[in-house]
Protein chains: 2
Amino acid sequence: MARKPTSKETTRKPNMREAILAAAEELFATNGFNAVSVRDIAHAAGANPGSVTYHFKTKDGLLLEIYRRHCGPMNLRRSELLAAAKRVRDLQDRLEAIVRAYVVPAFTSGSDLAGGGARFTRLRAVMSAEGNEVARKIIAQTFDDTSHAFIDAIHESLPHIPRTDIVWRSHFLLGALYYSLVTPDRVSRLSRGEADGSDAASAIEQLVQATVAAFQAPALDQAAPARRRTVASSKT
Amino acid sequence: MARKPTSKETTRKPNMREAILAAAEELFATNGFNAVSVRDIAHAAGANPGSVTYHFKTKDGLLLEIYRRHCGPMNLRRSELLAAAKRVRDLQDRLEAIVRAYVVPAFTSGSDLAGGGARFTRLRAVMSAEGNEVARKIIAQTFDDTSHAFIDAIHESLPHIPRTDIVWRSHFLLGALYYSLVTPDRVSRLSRGEADGSDAASAIEQLVQATVAAFQAPALDQAAPARRRTVASSKT
DNA sequence: ATCTGATTTGTACTATCGTACAAAAGATCA
DNA sequence: TGATCTTTTGTACGATAGTACAAATCAGAT
């Protein structure tokens with residue numbers, strides 16, 4: 001007996017749709033949107049180009065679905081971790097916990113989705129660099145709330161720093177995060193093999209440590225009004 | 001009379017070759033390599049598609065020439081500023097000067113090239129995200145020397161920090177730098193208009209301030225051996 | 001003025017792009 | 001089993017890609 005739910009999630013192959021999504025995610029994340037053709041994706045997924053059209057209608061639709069698939073879980077996980085972090089009493093520890101709550105879900109998946117969140121985060125980095133319109137819209141309306149929540153939380157644990165500075169520094173955090181996922185090999189190369197840029201645990205710890213210190217830097221607005229207009233370096 | 005030098009730099013139009021280079025640089029930097037067609041570039045430069053082929057042979061050749069045009073001056077300027085920075089006696093001031101020497105040429109052109117170095121830096125950010133092969137090769141063999149020089153200089157002014165940490169943190173610096181140039185509007189948006197992400201001077205000051213603090217953060221290797229394997233946030 | 005070499009134009013070729021769509025194949029249930 | 005719906009396949013079409021190349025145009029020396 002054992003009725004299937006109704007008639008859903010029973011396709012011929014072990015879900016071609018998911019295979020296409022996964023292949024597209026990987027290819028987009030490493031080569032950008034425009035460099036990857038629908039045929040490339042279909043081939044990588046072992047599917048027919050027509051199947052992509054059938055499931056996602058257009059190439060943009062495919063990208064859109066990738067975002068829809070990840071944004072929810074990742075933001076949810078971030079919210080959970082943020083809520084927990086805000087309960088930390090010690091201000092220094094709390095700041096670190098907040099930063100960690102922001103960073104960790106970007107590296108390790110916040111949900112069951114295979115491959116971890118790193119791939120999706122790398123995808124976002126690449127789309128952002130390419131100025132992809134589809135991605136830009138989704139990002140702005142999906143992540144800005146979360147970003148504001150984090151900025152506010154950080155601001156609360158660093159009340160003496162102007163919000164403007166917090167915004168800049170969290171922007172730097174995201175940039176560093178993105179770049180670490182985009183070119184991890186550069187870290188390995190520049191450290192002459194002493195560090196592994198692909199190691200998520202190292203990246204997270206290094207990023208958290210550095211970022212916490214950056215947030216704790218003295219406020220800028222009041223410290224440096226308008227000095228150094230030219231670049232003439234320092235002294236003499 | 002007034003003889004022209006010999007017969008160089010006197011083309012029909014006020015230098016079509018330069019116009020093509022400038023247009024390509026701008027388009028590549030904002031849309032990525034693959035999203036921009038040779039015809040787009042020619043149109044933006046007021047040239048004929050065939051002219052692009054004539055001057056640069058291929059689309060890759062065009063990108064290559066853009067890099068050749070900028071890498072030299074920018075590295076030269078960085079070297080000069082770095083040399084000056086290393087002469088600063090006070091360690092704290094020296095660190096800041098070094099970071100500034102790294103950051104400033106990326107925003108403001110180190111040479112006569114129009115538009116400032118920001119455009120070229122944004123281009124590098126985008127190419128890096130797209131995993132462009134032409135760019136990857138050039139970058140590795142052109143910028144790694146400079147990067148090592150900066151890492152060494154920073155290491156000297158922070159002897160107690162392991163080189164590995166310095167590498168990671170300078171990697172974060174570059175990521176933050178890139179991202180600031182790629183999506184400056186995000187800063188404006190998140191700060192609700194209080195900050196202008198497109199303002200180079202602000203970006204530089206914020207970046208320098210934050211990065212100096214990040215470099216000065218306590219060493220990671222010795223501080224955190226292997227704690228926090230899972231993500232379960234801090235405390236309970 | 002004419003010749004010469006450098007540059008620009010116009011056009012064409014082949015490859016590949018995103019997408020549409022009809023036919024085939026598989027799944028579901030009466 | 002046969003009817004019906006979902007999914008996959010195969011193919012094709014128009015658009016656009018990068019690039020090649022001959023003809024036209026120009027600048028400077030003779």
Side-chain angles (χ1 to χ4, degrees), chain A residues 1-25 27-28 30-66 127 130 132-135, chain B residues 1-25 27-28 30-66 127 130 132-135:
Chain A
M1 304 301 178
R3 281 274 179 82
K4 295 289 172 67
T6 46
S7 70
K8 286 185 180 177
E9 57 196 320
T10 41
T11 52
R12 193 158 348 168
K13 288 196 176 178
N15 224 351
M16 188 92 270
R17 190 185 143 95
E18 294 301 321
I20 293 172
L21 276 171
E25 199 178 304
L27 287 172
F28 285 158
T30 49
N31 302 104
F33 185 75
N34 295 288
V36 177
S37 73
V38 173
R39 286 168 176 83
D40 290 338
I41 296 166
H43 180 75
N48 191 284
S51 273
V52 178
T53 309
Y54 171 73
H55 284 291
F56 308 100
K57 202 65 190 171
T58 67
K59 197 183 173 187
D60 277 357
L62 176 51
L63 181 64
L64 204 76
E65 183 56 29
I66 293 174
M127 293 305 119
E130 281 189 319
N132 185 289
E133 265 306 300
V134 177
Chain B
M1 301 304 177
R3 281 276 179 81
K4 295 291 171 65
T6 47
S7 70
K8 286 184 180 178
E9 57 196 319
T10 42
T11 52
R12 196 154 348 164
K13 288 196 178 180
N15 224 353
M16 189 91 270
R17 190 185 144 95
E18 294 301 320
I20 293 172
L21 276 172
E25 200 178 304
L27 287 172
F28 285 157
T30 48
N31 302 104
F33 185 75
N34 296 287
V36 177
S37 73
V38 173
R39 287 167 175 82
D40 290 338
I41 297 166
H43 180 75
N48 191 284
S51 274
V52 179
T53 308
Y54 171 73
H55 284 290
F56 308 100
K57 203 64 190 170
T58 68
K59 197 183 172 187
D60 277 357
L62 176 52
L63 182 63
L64 204 75
E65 183 56 29
I66 293 175
M127 294 303 120
E130 281 189 319
N132 185 288
E133 266 305 299
V134 177

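Lettering of chains follows the sequences in order, A, B, ..., and the numbering in each one begins at 1.
Taking both residues in full, the closest heavy atoms of A:A135 and A:M127 are given as CB-CB, 3.6 Å, listed atom of the first, atom of the second, then distance. Listed here is the closest heavy atom pair of B:N34 and B:K59: CA-NZ, 4.1 Å. The nearest pair of heavy atoms linking A:A35 to A:D40 is O-OD2, 4.1 Å.
Along DNA chain C, the nucleotide nearest to B:P49 and the one nearest to B:H55 differ in position, and the one closer to the 5' end is contacted by B:H55.
When rounded to the nearest whole Å, the span between CG of A:N31 and P of C:dC17 equals 13 Å. The distance between atom CE of A:M16 and atom C1' of C:dG26, rounded to the nearest whole Å, is 15 Å. The CZ atom of A:F56 sits 15 Å away from the C1' atom of D:dT6 (whole-angstrom rounding). Rounded to whole Å, atom C1' of D:dC26 lies 15 Å from atom CG of B:N15. Rounded to whole angstrom, the span from the CG atom of A:L62 across to the P atom of C:dG18 amounts to 11 Å. A straight line from CG of A:N34 to C1' of C:dC17 spans 11 Å, rounded to a whole angstrom.
Ranking D:dG18, C:dA20, C:dG18 by closeness to the A:R39 side chain, first place goes to C:dG18. The side chain of A:T53 lies closest to C:dA20 when the candidates are D:dT19, C:dG10, C:dA20.
Side chains of A:V52 and A:P49 form no contact here, defined as non-hydrogen atoms less than 4.5 Å apart.
At D:dG10, one or more side-chain N or O atoms of A:N48 fall inside 4.0 Å of OP1 or OP2 (strictly under the cut-off). An OP1 or OP2 oxygen of C:dT16 is reached within less than 4.0 angstrom by no side-chain nitrogen or oxygen of A:S37. Remark: A:Y54 is not in phosphate contact with D:dT8, judged by side-chain N or O atoms under 4.0 Å from OP1 or OP2.
At the heavy-atom level, A:S51 lies under 4.0 Å from base atoms of the strands shown. Counting non-hydrogen atoms under 4.0 angstrom, A:R17 reaches nothing in the nucleic acid.
Rounded to the nearest 0.5 angstrom, B:M16 CE and B:L21 CG are separated by 10.5 Å.
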